[in-house]
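Note that the structure is a prediction, hence the values are computed from the model and not measured. Values below: every heavy atom of this structure, side chains too, minus hydrogens, waters and symmetry copies.
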Amino acid sequence: MRKILIIKFSAIGDVVESLPVAAALKELYKDGCEITWITKKCHMCLLENNEFIDKIICFEDIKSTYFRLLKEIFRNYNKNFHTNQKFISSCIQKIFSKLPSIKILRGYRFDLVLDLQGSIESSVISMMCNAKYRLIPSFINNGVERFSTKINTDFISKQRVESYLDVVRFLGYSGNKINFGWNFSDEELMYVDEFLKEHGIIKGDRYIVMAIGTTWDTKNYPVVHWAKIVNYLYEKDICVVIIGGMNENKYIEELDKIISKDRYVNLVGLTDLRQMAIVISRSTVVVSGDSGPMHMAYSLGRFVIALMGPTDPVQFGVLMEIKIRLLESTMNAVAVNLPFVHSGGIACLILILVMLSKNYK
């Protein structure tokens, strides 16, 4: 049986985008393969119970004092690759022998490593595994790709999910299914149903999910416009559920200065990522900035209106449906899949409302 390691630490959306790689590997190696995934502790829940992932390793369990030293050596190795290659290679091998975690990783006896993270840390782990083959996608071009076999991907004109799958296509995969492998237990589903009930939403009720915060200020749609959307939907007697992590509470505070709290259901900071995913899966439509919940939404088969900031909507937007791009400087809106341009925030707002009206059925 082939033993394969996938390395993807972060962030939420990036981990979600790479999930179909595991399904594609299982389909490619029908005769059997065991897939192990290394990620950060805070993102392990995104991989739990996934039907295509056999084992999960916590990245923090691999780190150590020696690991940090090795990371710095790799960083210098990367900068001075051509001048002192032999000396640094010797140092790396000596430090490898001192790392307690190397016995853990090499104990798995991986045949293949897919480094989808493309960082110094992931390169260190990839080399520690001593696998025969180490692959990395071509959109990673910060120098660490020299430690693996670089796989050409059409990353300019493809959504990132497809770019990750190109690595598996290099191995011979020819399928066209995209399966994220989400799998929730009955206990998880029942818990969220009760949780929603406590917030006034009965199982089977229809609602729209909004994720109004992102990690970059330049990607944020103005809160004042989010407030107008909530008011519009409230007047249409449509339930709005706002989700997000603890960091998004600052947007809720700003929103509450504009509209009444009773016009929406606030779940910001009240769920973990898996519970958030179930809340999303129960929704009718999701409106989101360029954030982790946006990627979770389309991976769960929801209709998504994605408000893209300065990031490329082709590479980093949704796999399907409507994409609306907000230009960083003027906040003008471009409906990517429509042959016309709307200027100004209000026009963008109108377009969003039209899309919501058409798809909330």
Side-chain angles (χ1 to χ4, degrees), residues 1-39 43-57 59 108-119 122 125-126 129 131-140 145 148-184 277 281 292 294-302 304 314-321:
M1 177 180 287
R2 296 174 180 84
K3 294 189 176 184
I4 302 172
L5 174 66
I6 297 173
I7 307 173
K8 190 64 178 175
F9 304 143
S10 59
I12 296 171
D14 299 295
V15 172
V16 170
E17 286 178 312
S18 56
L19 288 176
V21 169
L25 287 168
K26 289 287 188 178
E27 185 177 343
L28 174 63
Y29 299 120
K30 292 184 174 65
D31 55 338
C33 70
E34 181 181 82
I35 295 178
T36 302
W37 195 304
I38 293 183
T39 195
H43 298 136
M44 289 178 71
C45 62
L46 295 171
L47 311 177
E48 287 176 10
N49 295 331
N50 190 292
E51 57 182 300
F52 305 110
I53 299 171
D54 301 295
K55 298 177 182 178
I56 306 170
I57 298 176
F59 170 63
Y108 283 95
R109 299 184 180 276
F110 294 117
D111 303 297
L112 169 65
V113 176
L114 304 186
D115 181 1
L116 304 184
Q117 186 70 29
S119 65
S122 62
I125 290 174
S126 181
C129 292
K132 185 175 181 180
Y133 303 103
R134 299 191 301 270
L135 306 183
I136 195 168
S138 63
F139 57 78
I140 295 168
E145 68 274 7
S148 302
T149 300
K150 192 171 183 177
I151 306 304
N152 289 328
T153 61
D154 180 14
F155 60 90
I156 300 299
S157 61
K158 283 184 176 180
Q159 205 269 357
R160 189 49 55 93
V161 171
E162 291 286 356
S163 295
Y164 286 131
L165 285 173
D166 279 345
V167 178
V168 191
R169 293 185 181 110
F170 171 81
L171 297 170
Y173 177 66
S174 59
N176 53 19
K177 283 186 177 181
I178 296 178
N179 195 329
F180 291 86
W182 290 103
N183 187 28
F184 303 105
S281 71
M294 178 196 78
H295 296 286
M296 293 167 71
Y298 71 70
S299 73
L300 289 160
R302 299 301 85 196
V304 184
V314 174
Q315 294 184 56
F316 306 109
V318 301
L319 270 175
M320 61 203 85
E321 309 299 358

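- The CD atom of Q117 sits 4.5 Å away from the NZ atom of K8 when rounded to the nearest 0.5 Å.
- One finds no salt bridge joining D14 and R160 here, because no Lys/Arg side-chain nitrogen approaches an Asp/Glu carboxylate oxygen to under 4.0 Å.
- The CD1 atom of I136 lies 7.5 Å from the OG atom of S126; values are rounded to the nearest 0.5 Å.
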*I would like to know whether H295 and I12 meet side-chain contact (heavy atoms from CB on, under 4.5 Å); could you show each step before the answer?*
CA-CA 8 Å; H295 296 286; I12 296 171; over 6 Å; no
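- Pairs of residues two or more places apart, or lying in two chains, that qualify as salt bridge (Lys or Arg N to Asp or Glu O under 4.0 Å) and include a residue from residues 23-32 are R2-D31, K26-D54.
- Within the 4.5 Å cutoff, side-chain heavy atoms of T39 are placed close to those of M44.
- Across every non-hydrogen atom of A22 and I35, the tightest pair is O-CD1, 3.3 Å.
- By the ring pair (Phe, Tyr, Trp, His ring centres under 6.0 Å) test, Y133 pairs with no residue at all, sequence neighbours left out.
- Taking the side chain as every heavy atom from C-beta outward, V318 and M294 approach each other to under 4.5 Å.
- Counting heavy atoms from C-beta outward, R169 and E162 have side chains that approach closer than 4.5 Å.
- Side-chain contact between I6 and L116 is present, with at least one heavy-atom pair separated by less than 4.5 Å.
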*Show the numbers, then the answer: is there a side-chain contact (heavy atoms from CB on, under 4.5 Å) between T36 and I56?*
CA-CA 6 Å; T36 302; I56 306 170; over 6 Å; no
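- A distance-only check finds a donor-acceptor pair linking the side chain of N183 to the backbone of N49 [under 3.5 Å].
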*Carefully, step by step, assess L165 and I178 under the rule side-chain contact (heavy atoms from CB on, under 4.5 Å).*
CA-CA 9 Å; L165 285 173; I178 296 178; 4.1 Å; yes
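- The side-chain heavy atoms of D166 and P137, taken from C-beta on, include no pair separated by under 4.5 Å.
- In this structure, F170 has no ring pair (Phe, Tyr, Trp, His ring centres under 6.0 Å) partners at least two apart in sequence or on a different chain.
- Under the ring pair (Phe, Tyr, Trp, His ring centres under 6.0 Å) criterion, the residue pairs touching residues 5-37 are F9-F59, with sequence neighbours excluded.
- Rounded to the nearest 0.5 angstrom, L135 CG and T149 OG1 are separated by 6.0 Å.
- Across all non-hydrogen atoms, the minimal contact from Q159 to Y298 is NE2-OH, 3.0 Å.
- Residues M296 and S299 share a closest heavy-atom pair of O-OG, 2.7 Å.
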*asked:* Show, in sequence, the C-alpha distance, side-chain angles and deciding distance for L5 and C129, and conclude whether the side-chain contact (heavy atoms from CB on, under 4.5 Å) test is met.
replied: CA-CA 9 Å; L5 174 66; C129 292; 3.5 Å; yes
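- Taking 4.5 Å as the limit, every side-chain heavy atom of V161 sits out of range of all side-chain heavy atoms of V16.
- The aromatic rings of W182 and F184 sit parallel to each other, their planes meeting at less than 30°, with 60° as the upper class boundary.
- For the atom pair CD1 (I38) and OG (S122), the distance works out to 9.5 Å, reported to the nearest 0.5 Å.
- Interatomic distance, L47 CG to I57 CD1, rounded to the nearest 0.5 Å: 11.5 Å.
- Side-chain contact check for L19 versus N50: some heavy-atom pair is nearer than 4.5 Å.
- With 3.5 Å as the limit, one finds no donor-acceptor pair spanning the side chains of D115 and S148.
- Counting heavy atoms from C-beta on, the side chains of S10 and H43 come closer than 4.5 Å.
- With sequence neighbours left out, E34 forms a side chain to side chain donor-acceptor pair (under 3.5 Å) with no residue at all.
- Contacts of F110 classified as ring pair (Phe, Tyr, Trp, His ring centres under 6.0 Å), with partners at least two apart in sequence or in another chain: Y108.
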